[in-house]
2 protein chains.
Amino acid sequence: MKKKFEIPQCETCGSKHKSIFCDISKSEVSELSDSKGCNLYNKGQVVFHEGNRTNGIYCVNKGKIKLFQIGSEGKEQIIRFAKEGDIIGYRALLSDEPLSASATSLEEDTAICFIPKQQVLKMITENPNFNFKLLKILSHELGETAKIITDLAQKPVRERLAETLLILKDTFELDDEKNIQVKLSREELANIVGTATESVIRLLSEFKKDKLISLDGRTIKLLNIPALTRTANVFD
Amino acid sequence: MKKKFEIPQCETCGSKHKSIFCDISKSEVSELSDSKGCNLYNKGQVVFHEGNRTNGIYCVNKGKIKLFQIGSEGKEQIIRFAKEGDIIGYRALLSDEPLSASATSLEEDTAICFIPKQQVLKMITENPNFNFKLLKILSHELGETAKIITDLAQKPVRERLAETLLILKDTFELDDEKNIQVKLSREELANIVGTATESVIRLLSEFKKDKLISLDGRTIKLLNIPALTRTANVFD
DNA sequence: AAAAAAACATGATGAATGTCATGTTTTTTT
DNA sequence: AAAAAAACATGACATTCATCATGTTTTTTT
């Protein structure tokens with residue numbers, strides 16, 4: 001059962017300033033606000049499904065999203081995450097291809113706006129700033145995925161898990177107690193790292209024993225980031 | 001020692017029609033031709049180096065290019081290839097980040113033009129067609145890398161090698177004898193697949209024994225594409 | 001609150017694949 | 001053409017890591 005909620009207005013959107021929409025004009029904002037739709041999602045609900053067509057882009061107003069593909073054996077592979085202010089679904093729209101990944105919400109009360117294709121295209125052609133930001137997002141993302149490819153191809157599971165924790169830290173940040181601000185199951189962690197759930201469980205226990213992290217259910221506290229970085233074998 | 005060669009003119013460029021520049025105006029073509037530079041490369045020469053800054057994009061006029069990253073243990077990971085008509089280096093330019101990969105030529109007499117940043121930015125702002133093509137290239141590429149991530153994370157080496165052969169087929173095409181039109185060392189194949197050179201050698205021998213391919217030095221003939229597709233475990 | 005389901009945890013085992021050693025062939029350099 | 005280097009090939013072995021089995025804890029449903 002979906003709760004009632006205030007439909008977010010772009011004019012007052014808290015995540016606007018840190019999004020691709022941060023410096024569009026007043027008239028564009030109101031146009032955007034009029035053209036968009038917005039939906040609330042419970043934890044685990046599907047926002048869009050791999051293989052489908054999309055007719056616009058989605059903008060995360062509140063909550064956290066995982067984007068994943070289903071591999072040939074039916075196993076989920078998490079490709080990336082999105083949070084407040086991020087857009088998703090733009091890849092399929094701009095390449096005019098089916099969605100390459102599915103998106104589901106990771107938290108209750110996730111709010112996601114939908115901006116129709118027509119409006120997106122209009123902003124691309126009429127607002128060079130928006131256009132360049134889009135090019136920047138895409139090309140940055142492409143660089144990140146290339147790094148992931150190299151890691152998956154060359155690093156052992158232990159290093160990849162350590163690196164995943166650091167990436168999750170950078171993506172969702174730590175609270176004041178150094179806990180990573182996202183809760184994922186062991187299985188989901190395995191589906192990022194590209195390994196078996198049991199391996200994640202074992203390695204997390206090792207990291208804990210080595211005082212790199214501490215665990216409380218799905219909450220992971222980073223106790224020693226430099227040592228974790230060394231474990232991940234990253235130097236940048 | 002670099003041979004003399006006719007500097008290619010964009011007006012008469014044979015690869016223009018199949019590139020991002022296929023439908024720019026006459027005046028834009030001549031502007032492009034004036035602003036660009038062009039270089040010849042021998043086999044194995046570096047076009048650009050990971051970590052450096054770039055001040056423009058490169059357009060492959062003739063020849064084949066591999067793009068790769070160096071992993072934390074110094075091992076090369078091939079991210080993608082480029083051929084006649086393809087552009088490279090655009091990711092770094094558009095994201096305003098250092099180059100995420102190195103590029104080297106795979107053949108003698110590779111010719112690559114360089115288009116300065118200023119010219120690229122001008123075309124982006126002034127030619128919506130060019131702009132959308134760029135967005136399309138980036139987003140398509142992003143979709144391809146996502147697939148590769150899922151495969152690397154989930155498929156065994158045998159399947160990945162079979163799939164690599166099929167991707168090479170699609171990228172460089174077959175000649176009339178069904179030979180893949182690119183010559184790579186076993187080590188380079190390993191650096192695509194994410195495995196050891198010895199594993200590639202062994203698996204190629206198996207594929208040969210199973211009549212999926214035949215081998216003549218670095219030339220790979222695809223004898224049974226449907227069976228290779230099944231071996232790769234792909235269904236699309 | 002009880003029952004069921006899902007998630008977490010740990011040990012035992014085996015398969016996939018990386019590493020090392022060694023030899024042959026091919027290519028490049030002198 | 002000879003020598004050197006690089007690439008290719010194959011066997012033996014070791015290691016990582018996935019799978020299976022089983023049990024416990026936590027969460028969800030009834």
Side-chain angles (χ1 to χ4, degrees), chain A residues 1 42-45 66 71-77 104 106-108 151-164 182-209 213-220 231 233, chain B residues 1 42-45 66 71-78 104 106-108 151-164 182-209 213-220 231-233:
Chain A
M1 176 88 134
N42 295 323
K43 185 174 171 177
Q45 272 196 306
K66 70 171 172 184
S72 49
E73 305 294 288
K75 197 181 169 187
E76 167 181 312
Q77 181 63 38
T104 66
L106 291 168
E107 293 177 349
E108 291 295 326
D151 287 343
L152 278 170
Q154 301 191 359
K155 286 187 176 177
V157 174
R158 189 187 169 83
E159 294 181 19
R160 298 210 303 272
L161 178 58
E163 187 160 14
T164 294
V182 66
K183 291 186 178 186
L184 300 169
S185 68
R186 308 296 193 252
E187 188 178 6
E188 285 172 318
L189 287 170
N191 294 343
I192 307 170
V193 172
T195 189
T197 307
E198 294 93 325
S199 296
V200 167
I201 292 171
R202 277 183 253 264
L203 286 167
L204 284 180
S205 298
E206 277 188 39
F207 289 175
K208 184 179 168 184
K209 205 184 59 189
I213 63 172
S214 71
L215 295 168
D216 178 16
R218 293 186 178 177
T219 301
I220 301 174
T231 303
N233 200 9
Chain B
M1 178 89 136
N42 294 321
K43 184 174 170 177
Q45 272 196 305
K66 70 171 171 184
S72 49
E73 306 292 289
K75 196 181 169 188
E76 168 182 312
Q77 180 64 39
I78 297 179
T104 67
L106 291 168
E107 293 177 350
E108 291 295 325
D151 287 344
L152 278 171
Q154 299 192 0
K155 285 186 178 178
V157 174
R158 188 187 171 83
E159 293 181 19
R160 298 210 301 272
L161 178 58
E163 188 160 14
T164 294
V182 67
K183 290 185 178 186
L184 299 170
S185 68
R186 308 293 193 255
E187 187 178 5
E188 285 173 318
L189 287 170
N191 294 343
I192 307 170
V193 173
T195 188
T197 307
E198 294 93 325
S199 296
V200 167
I201 292 172
R202 278 183 251 264
L203 287 167
L204 285 180
S205 298
E206 277 188 39
F207 288 177
K208 185 180 167 184
K209 205 185 60 191
I213 62 172
S214 71
L215 295 168
D216 178 15
R218 292 186 180 178
T219 301
I220 301 174
T231 302
N233 200 8

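Worth knowing before you read on, the calculation uses all heavy atoms, side chains too, and leaves out hydrogens, waters and symmetry mates. Chain naming here is simple, since letters A, B, ... match the order of the sequence lines and numbering starts at 1 in each.
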Quick check: does any side chain N or O of B:Gln77 sit under 3.5 Å from a backbone N or O of B:Asn191, one acting as donor and the other as acceptor?
yes

Please state how far atom CG in A:Asn191 lies from atom P in C:dA7, giving the value in whole angstrom units.
11 Å

Respond yes when some side-chain nitrogen or oxygen of B:Ser199 is under 4.0 Å from OP1 or OP2 of C:dG18, and no when none is.
yes

Rounding to a whole Å, what distance do you find between B:Lys155:NZ and C:dA16:P?
17 Å

Length of the line joining A:Glu73:CD and D:dA18:P, which is rounded to integer Å:
14 Å

Report the nucleotide, chosen from D:dA18, D:dA9, D:dT19, that has the shortest atom-to-atom distance to any side-chain atom of A:Val157.
D:dA18

B:Glu187 has a side chain; which of C:dC8, D:dA7, D:dT19 sits nearest to it?
D:dA7

Side-chain N or O of B:Arg186 less than 4.0 angstrom from OP1 or OP2 on D:dA9?
yes

Minimum-distance nucleotide to A:Ser205 side chain [options: C:dT10, D:dG11, D:dA7]:
C:dT10

Applying a 3.5 Å limit to both distances, which nucleotide forms a Watson-Crick or G-U wobble pair with C:dT22?
D:dA9

Mate of D:dT19 across any strand shown (Watson-Crick or G-U wobble, both atom pairs under 3.5 Å) is C:dA12

Atom-pair distance (CZ on B:Arg160; C1' on C:dA16), nearest Å
11 Å

Contact class for B:Thr195 (heavy atom, under 4.0 Å): base, sugar-phosphate, or nothing?
sugar-phosphate

Are any of the side-chain nitrogens in A:Lys66 or A:Glu76 under 4.0 Å away from the carboxylate oxygens of its partner?
yes

Ignoring backbone atoms, test whether B:Ser185 places a side-chain nitrogen or oxygen under 4.0 Å from the OP1 or OP2 oxygen of D:dA6.
no

In whole angstroms, how far is the C1' atom of D:dT26 from the CG atom of A:Leu215?
15 Å

What I want to find out is whether A:Glu107 reaches A:Lys183 closely enough, with some N-O distance under 4.0 Å, to be called a salt bridge.
no

When rounded to whole Å, the CG to P distance for the pair A:Leu189 and C:dA9 reads 11 Å

Without decimals, in angstroms, what is the distance between B:Arg202 CZ and D:dA9 P?
12 Å

What does D:dT28 pair with, Watson-Crick or G-U, if both distances are under 3.5 Å?
C:dA3

Measuring to OP1 and OP2 of C:dC8, would you say a side-chain N or O of A:Arg218 lies under 4.0 angstrom away?
yes

Considering every strand and a 4.0 Å limit on heavy-atom distances, what is the contact class for A:Thr197: base, sugar-phosphate, or nothing?
nothing

With a 3.5 Å distance limit and no angle check, can you tell me whether A:Arg160 reaches the backbone of A:Val193 through a side-chain donor-acceptor pair?
yes

Should we say atom NZ of B:Lys75 is surrounded by more than 12 heavy atoms from elsewhere, each under 6.0 Å from it?
yes

I need the NZ-P distance between B:Lys183 and D:dC8, as an integer number of Å.
12 Å

